Amino acid sequence: MSDVLTQAIDLVVYGMGTVVIFLTVLVGATMLMSYCLQTFFTAERPEVTLRPSAAPSEGLTDPKILAALSAAVKKYREDHN
Amino acid sequence: MSDVLTQAIDLVVYGMGTVVIFLTVLVGATMLMSYCLQTFFTAERPEVTLRPSAAPSEGLTDPKILAALSAAVKKYREDHN
Amino acid sequence: MSDVLTQAIDLVVYGMGTVVIFLTVLVGATMLMSYCLQTFFTAERPEVTLRPSAAPSEGLTDPKILAALSAAVKKYREDHN
Amino acid sequence: MICIGVLLLYLAISKNFEPLLLVPIGFGGILSNIPGVDIAVGQGVLHQFYAMGIETGIFPLVIFMGVGAMTDFGPLLANPKTLFLGAAAQFGIFATLMGAVALTETGLLEFSIAEAAAIGIIGGADGPTAIYVAGQLAPHLLGAIAVAAYSYMALVPLIQPPIMRLLTTEAERKIEMTQLREVSQIEKIVFPLLLLTLVAFFVPSAAPLLGMFCFGNLMRESGVVDRLSDTTQNALINITTIFLGLAVGSKLRAEQFLVPETLGILVLGMVAFCIGTAAGILMAKLMNLLSTQKINPLIGAAGVSAVPMAARVANKVGLEANPHNFLLMHAMGPNVAGVIGSAVAAGILIMFAGGG
Amino acid sequence: MICIGVLLLYLAISKNFEPLLLVPIGFGGILSNIPGVDIAVGQGVLHQFYAMGIETGIFPLVIFMGVGAMTDFGPLLANPKTLFLGAAAQFGIFATLMGAVALTETGLLEFSIAEAAAIGIIGGADGPTAIYVAGQLAPHLLGAIAVAAYSYMALVPLIQPPIMRLLTTEAERKIEMTQLREVSQIEKIVFPLLLLTLVAFFVPSAAPLLGMFCFGNLMRESGVVDRLSDTTQNALINITTIFLGLAVGSKLRAEQFLVPETLGILVLGMVAFCIGTAAGILMAKLMNLLSTQKINPLIGAAGVSAVPMAARVANKVGLEANPHNFLLMHAMGPNVAGVIGSAVAAGILIMFAGGG
Amino acid sequence: MICIGVLLLYLAISKNFEPLLLVPIGFGGILSNIPGVDIAVGQGVLHQFYAMGIETGIFPLVIFMGVGAMTDFGPLLANPKTLFLGAAAQFGIFATLMGAVALTETGLLEFSIAEAAAIGIIGGADGPTAIYVAGQLAPHLLGAIAVAAYSYMALVPLIQPPIMRLLTTEAERKIEMTQLREVSQIEKIVFPLLLLTLVAFFVPSAAPLLGMFCFGNLMRESGVVDRLSDTTQNALINITTIFLGLAVGSKLRAEQFLVPETLGILVLGMVAFCIGTAAGILMAKLMNLLSTQKINPLIGAAGVSAVPMAARVANKVGLEANPHNFLLMHAMGPNVAGVIGSAVAAGILIMFAGGG
Ligand code: NA
Ligand code: NA
Ligand code: NA
């Protein structure tokens with residue numbers, strides 16, 4: 001059997017094996033990840049945690065001030081982003 | 001007469017000649033092309049031949065299925081194009 | 001005192017000095033510029049001088065012709081800009 | 001040779017065969033074969049595009065980043081077991097590699113192990129992956145490999161259905177699948193990082209390809225860099241596609257392309273697609289034997305990649321058997337799994353055959 | 001020298017002289033002449049733009065691709081005979097080349113044949129073509145040539161009308177032309193391929209320029225790669241224009257630009273525009289002698305290129321003679337023919353003088 | 001080290017810390033630390049991005065052009081005296097440079113003068129300026145410097161308010177400022193040219209940075225090249241940001257990043273921000289002593305740059321003291337003045353320490 005053929009067989013076994021094992025591990029890891037995330041984040045509504053408004057520490061309560069500020073900030077972000 | 005001058009005269013004659021001949025040939029070729037295409041394609045409405053829908057082999061006839069599929073495909077094309 | 005320290009002190013003095021002098025000069029130059037421009041351009045409405053229509057030399061007066069031309073030019077500019 | 005360029009343009013424009021790539025490739029191929037001027041060699045502009053984008057690997061990696069930014073892993077996350085289908089379909093890659101070596105053994109053609117690996121990757125049914133691997137392992141075959149990969153991806157609606165009908169029963173094709181669950185944003189954000197982590201541990205040689213892919217996907221899903229994500233999906237991938245296509249076209253010069261090897265590559269590429277399709281379907285049937293939650297084996301064929309064409313073919317064949325059977329979303333899982341699978345295979349091929 | 005940069009900016013911003021190019025060129029020229037810092041030489045950023053984009057020819061070729069994607073060959077296809085006008089107007093190129101050589105003979109200035117050819121191309125009235133040719137044949141004159149080309153293109157509304165009135169009678173300017181026929185999509189698709197085929201046979205040295213031009217046009221007309229065509233006409237051409245302009249500006253350094261040759265180039269360039277305009281008009285009159293279907297000789301002036309300014313000037317002068325005479329569409333034929341004609345001439349100049 | 005990349009991604013995605021840069025930098029940092037594959041060294045793609053964009057200085061300069069195209073100098077022109085605040089806040093840069101040299105004197109760490117200068121520039125609170133300077137003076141520290149600069153810019157809402165409250169009285173924070181006058185278009189057009197002229201005369205070494213900045217701003221304000229300006233503000237800056245971020249990430253390899261120097265850099269960077277903030281506020285108070293037209297000293301803190309975060313912080317702290325006190329527009333003047341000031345300082349540092 002030629003050298004190239006031996007190499008090729010090695011490569012096929014090793015390569016196909018790696019692909020299958022890798023994706024099998026990925027199936028497990030993905031299921032585990034989804035399970036964990038669904039368990040931990042369902043109750044607390046992840047979007048809120050994940051996407052704070054751009055200025056989370058503003059802490060302003062007067063809606064009129066907030067609106068004025070928002071407009072100005074929006075204008076600036078458009079200009080300067 | 002200097003060498004550069006000789007060269008320049010050669011270049012002018014050769015260059016201007018090529019430009020004129022080339023564009024003359026292009027006039028002829030373009031008219032021939034237009035003639036052929038207008039002859040062959042006028043009857044069969046070229047747009048149909050030229051712009052098949054992206055999935056010409058679908059061959060579905062039920063309009064409802066087609067609509068549902070189109071919507072899904074459209075969604076996917078937007079995401080994956 | 002080490003060589004690096006001497007260098008650093010030089011750099012701080014020279015650098016901070018340059019920044020302050022440069023921006024001071026810029027304050028003066030900017031105020032002068034604004035004064036000059038406001039003086040010279042307020043009366044003559046700068047926008048007109050500054051933003052001629054793209055074809056300032058057209059000089060057409062018949063509004064109908066102008067409209068037809070504008071439409072054609074607009075079409076072409078969209079295609080050929 | 002110019003005729004082949006014109007043929008590619010005809011197929012792209014008139015038959016809508018992967019026009020985004022085949023228009024630039026075909027046109028580049030024409031330019032490359034104009035006698036009397038150096039466009040695809042030396043200081044020619046197409047050769048410069050090739051040198052700056054394909055020799056370096058940058059163009060296919062940037063395209064892959066763009067594809068990542070366009071990929072929605074939702075269907076895959078909703079049903080991770082479809083990753084097995086994406087794994088199985090990569091068997092086409094390795095079977096073709098063996099085929100190329102077997103051809104060498106018979107003495108008909110002569111392919112080195114690196115060349116055989118580059119030919120095998122056609123079976124991955126993924127354009128940028130094929131170009132990346134061929135550019136690294138067998139640049140002189142890049143033209144034929146890229147043309148084969150994109151042509152067969154466009155031909156998927158003709159290649160796959162007969163195999164699908166042959167290997168499945170009417171009853172199997174009628175299987176309806178339950179609707180996929182909603183996938184939360186945080187799962188979509190974590191998945192590319194999880195994937196990259198596993199790549200780093202198990203197949204680091206696939207990290208350039210999958211790293212750029214995951215980066216693009218993270219930009220998409222993170223929601224905080226939408227302007228980068230939009231540019232990646234539009235201006236950047238379009239610009240790169242144009243130059244990539246022209247650069248690939250520079251490899252369609254007659255003296256490199258009109259050789260017996262090209263014919264071998266075209267045949268082997270077709271075999272690769274068929275075997276990949278079959279392997280995906282058979283894997284789905286095997287999974288049905290082992291599990292109670294049945295999957296429609298047609299979606300196994302989508303494991304080859306060829307996004308989104310293969311998924312649409314699965315959907316169409318499914319509808320023929322059962323007019324209420326919408327498999328499109330279900331087939332997107334194995335479809336993107338196939339992209340991951342062939343990128344992993346690509347990493348192994350480059351590591352193994354690049355040093356060989 | 002910085003004053004010249006400021007002058008270019010003033011003309012661009014205040015007079016709307018080809019601002020897309022003259023703003024970057026003028027600003028680049030200012031940056032290049034700042035003493036005490038290397039911006040336009042060595043590792044300076046403008047010199048890097050020059051080396052990567054103009055020495056290689058890539059920037060003007062990409063611009064030309066973008067111009068192709070913006071060009072509608074419809075008016076030309078509806079009346080192919082206007083190609084003759086585009087041919088005739090290129091006489092300005094060769095007359096100027098002779099002028100440059102004649103100046104050398106007198107001993108006033110000294111231009112090699114390559115330099116004379118690069119100066120002549122100003123008469124082509126096409127920015128990217130002029131930059132491409134100058135970058136190949138006479139990089140040290142590139143600054144002056146580019147500035148001359150774009151300035152005179154902007155000055156077309158002042159330069160051409162006197163010549164047009166001088167060479168035509170009132171009756172000729174009143175000639176109305178019949179409306180152009182509709183051109184089918186398939187003709188528009190085939191034309192760039194036809195053009196490229198003829199280029200490949202007759203003037204392969206023009207293939208880089210016209211190849212990229214035809215490629216851009218095919219993307220536009222094929223209708224299957226709209227996203228590539230859109231990007232080519234917007235993000236890609238804009239980005240390239242910025243860097244091209246800055247790179248050209250790097251050639252406006254005082255020691256290269258403030259030389260007697262620059263004055264010669266400016267004078268010769270003006271002569272080139274005038275001769276090209278005249279040749280186009282006279283060719284139109286000659287065609288009227290030989291054919292029964294009369295054309296308005298004013299559209300001959302549009303044969304110089306300077307798209308779309310020259311066509312608009314022809315329209316305007318026509319309207320002055322006859323308020324019902326809309327020549328704009330008719331003048332677009334010779335206008336784009338002029339682009340083809342000067343690209344052909346450019347190919348010949350590079351082949352002939354590049355080796356000389 | 002991969003954990004640090006993940007941390008940066010977490011801060012960017014979850015806390016919205018400068019995500020446009022920290023997502024690419026963090027991801028690039030992860031890719032760079034995958035063992036067994038060369039991504040950030042040799043022929044690896046991230047190292048190629050680094051070599052083509054940061055070693056050459058092109059990426060930060062293009063970003064700076066984009067920032068220029070996004071900057072409205074209106075508030076600065078309406079109240080030029082705020083330039084003094086932008087000058088004062090640069091004291092943070094030089095104080096930190098001294099700090100780095102002092103650390104060297106103590107023997108704790110060892111920084112050359114070039115390294116000390118590169119660290120000092122963190123106090124400029126301007127990302128592209130910091131990357132440009134670090135790339136020129138201390139490439140091996142680039143990772144830490146970029147991470148520090150962007151992190152602290154994101155942390156401005158936490159860092160600055162305590163210093164602002166400490167250094168100002170309640171009465172000072174309540175000062176209301178008169179509304180800014182309208183600035184005409186011609187002033188906005190002339191200003192970038194004026195600025196460039198002064199740079200050319202006084203600090204030519206700052207001309208690359210401020211030249212590109214002024215060019216971008218001139219494109220914006222001239223009104224005649226809107227398509228170039230739009231592309232600069234969108235596709236071009238986004239594409240460059242992606243590659244810049246990945247290239248910076250290539251400098252987060254553990255062996256370069258996990259060194260004691262990084263800790264020193266992080267500490268010194270924080271000090272730089274604090275001193276810069278304090279210097280801006282104190283300068284505002286000094287100006288109030290000398291002038292009758294009072295300014296609110298809070299806007300002095302915006303002189304550090306960190307556009308537009310620092311201006312928003314000034315606005316917020318002002319509102320807390322006086323609910324009718326809208327300082328945002330007033331703070332934009334010192335904010336963009338800070339950009340100019342740190343670019344000038346960068347030029348001096350490069351000239352002084354680049355040759356040293
Ligand atoms: Na695949
Ligand atoms: Na021309
Ligand atoms: Na600053």
Side-chain angles (χ1 to χ4, degrees), chain D residues 1-3 5-6 8-40 42-49 51-53 66 70 154 230-231 233-246 249-250, chain E residues 52-53 55-62 64-66 68-69 132 136 185-186 189-190 192-194 196-197 199-212 214-240 347 350-351:
Chain D
M1 191 59 219
I2 287 182
C3 298
V6 172
L8 291 177
L9 289 179
Y10 172 77
L11 294 173
I13 296 172
S14 188
K15 302 289 179 199
N16 224 46
F17 271 28
E18 296 282 336
L20 293 175
L21 264 294
L22 289 187
V23 166
I25 291 177
F27 205 95
I30 295 175
L31 288 180
S32 305
N33 286 285
I34 295 178
V37 60
D38 283 353
I39 296 183
Q43 291 304 303
V45 66
L46 295 196
H47 183 255
Q48 293 192 46
F49 293 155
M52 79 177 60
M70 288 171 172
D230 289 347
T231 295
Q233 294 178 47
N234 292 290
L236 181 53
I237 197 170
N238 290 343
I239 291 171
T240 313
T241 299
I242 291 170
F243 292 125
L244 174 80
L246 291 173
S250 80
Chain E
M52 79 177 59
E55 266 176 21
T56 62
I58 289 176
F59 286 169
L61 291 176
V62 170
F64 225 57
M65 176 171 78
Y132 184 74
Q136 305 292 309
Q185 193 208 352
I186 189 158
I189 293 177
V190 173
L193 295 170
L194 176 72
L196 181 66
T197 308
V199 167
F201 273 100
F202 293 98
V203 268
S205 55
L209 271 173
L210 281 170
M212 294 301 275
C214 291
F215 175 56
N217 192 251
L218 183 68
M219 286 200 288
R220 170 200 183 87
E221 301 295 353
S222 71
V224 293
V225 291
D226 287 345
R227 56 182 291 163
L228 301 186
S229 172
D230 289 347
T231 295
T232 306
Q233 294 178 47
N234 291 290
L236 181 53
I237 197 170
N238 291 344
I239 292 171
T240 312
I350 288 173
M351 182 190 60

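Residue numbering restarts at 1 for every chain, and letters A, B, ... go by the order of the sequence lines. Since this is a predicted model, take the numbers as computed values, not measurements.
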Identify the two heavy atoms, one from D:Ile34 and one from E:Ala207, that lie closest to each other, and give their separation to 0.1 Å. CD1-CB, 3.8 Å
Give, for atom CG of D:Leu9 and atom CG of E:Leu218, the distance between the pair rounded to the nearest 0.5 Å. 6.0 Å
Heavy-atom nearest pair, D:Gln233 first then E:Arg227, reads O-NH2, 2.6 Å
Max heavy-atom pair count under 4.5 Å with chain E, selected residue of D:Leu246, D:Val45, D:Val6: D:Leu246
Euclidean distance, D:Tyr10 OH relative to E:Ile189 CD1, rounded to 0.5 Å: 11.5 Å
Non-hydrogen atoms of chain E under 4.5 Å away: do they reach the side chain of D:Ile2, the backbone, both or neither? neither
What part of E:Val199 is in contact with chain D, defined as an atom under 4.5 angstrom from a non-hydrogen atom: side chain, backbone, both or neither? neither
Testing D:Ile13, D:Asn238, D:Val23, D:Thr241 for side-chain contact (heavy atoms from CB on, under 4.5 Å) with E:Val225, which one passes? D:Val23
Comparing D:Asp38, D:Val37, D:Leu46 against chain E, the one with the most heavy-atom pairs below 4.5 Å turns out to be D:Val37
Name the region of D:Leu31, side chain, backbone, both or neither, that has any atom closer than 4.5 Å to a heavy atom of chain E. side chain
Can you tell which part of E:Leu61 gets under 4.5 Å to a heavy atom of chain D, answering side chain, backbone, both or neither? side chain
Given heavy-atom pairs under 4.5 angstrom as the criterion, report whether the side chain, backbone, both or neither of E:Leu193 touches chain D. side chain
Taking all heavy atoms of E:Leu228 and all of D:Leu20, pick out the closest pair and write down the distance. CD1-O, 3.5 Å
Contacting region of D:Asn234 [heavy-atom separation from chain E under 4.5 Å]: both
Write down the atom of E:Ala235, the atom of D:Ala235, and the distance for their closest heavy-atom approach. CB-CB, 4.0 Å
Are any non-hydrogen side-chain atoms of D:Met52 and E:Ile58 less than 4.5 angstrom apart? yes
Any chance you could measure D:Leu236, atom CG, to E:Leu236, atom CG, to the nearest 0.5 Å? 11.0 Å
